[in-house]
Amino acid sequence: MRDIRNARGKLVCRLDEKAGVVEIVHKGCKTLICFKPDGTAEIINTEAA
């Protein structure tokens, strides 16, 4: 996974280009955005560990 940071150097999300997944962790919640081969996206929200 590749870390994506904003202009101030703060981690915004993590990107897995091979799997087509974006992971965002914010205030104890984790959001996974999974891009499927047919062009659709699946959103999965969970509590972060």
Side-chain angles (χ1 to χ4, degrees):
M1 284 203 160
R2 181 171 64 136
D3 291 348
I4 307 298
R5 298 186 179 273
N6 64 15
R8 293 185 177 166
K10 182 173 177 165
L11 182 64
V12 176
C13 67
R14 297 180 70 206
L15 172 66
D16 185 340
E17 294 174 292
K18 289 182 182 177
V21 175
V22 176
E23 176 186 84
I24 303 166
V25 178
H26 183 70
K27 295 187 178 183
C29 294
K30 178 168 44 171
T31 300
L32 292 175
I33 305 169
C34 305
F35 295 97
K36 297 185 178 191
D38 65 359
T40 62
E42 178 182 7
I43 311 301
I44 303 167
N45 290 300
T46 60
E47 295 287 328

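Just so you know, these numbers come straight off a predicted model, no measurement behind them.
A chain of hydrophobic side-chain contacts below 4.5 Å, direct or via other Ile, Leu, Val, Met, Phe, Trp or Tyr residues, connects Ile43 to Leu15.
Asn6 meets the side chain to side chain donor-acceptor pair (under 3.5 Å) test with no other residue; sequence neighbours excluded.
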Determine all donor-acceptor pairs shorter than 3.5 Å in which one atom belongs to a side chain in residues 17-40; sequence neighbours excluded.
{"from": "Thr31", "atom 1": "OG1", "to": "Asn45", "atom 2": "OD1", "distance (Å)": "2.8"}
{"from": "Asp38", "atom 1": "OD1", "to": "Thr40", "atom 2": "N", "distance (Å)": "3.1"}
{"from": "Asp38", "atom 1": "OD1", "to": "Thr40", "atom 2": "OG1", "distance (Å)": "2.7"}

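When all heavy atoms are compared, the tightest approach of Asp3 to Arg14 is OD1-NE, 3.2 Å.
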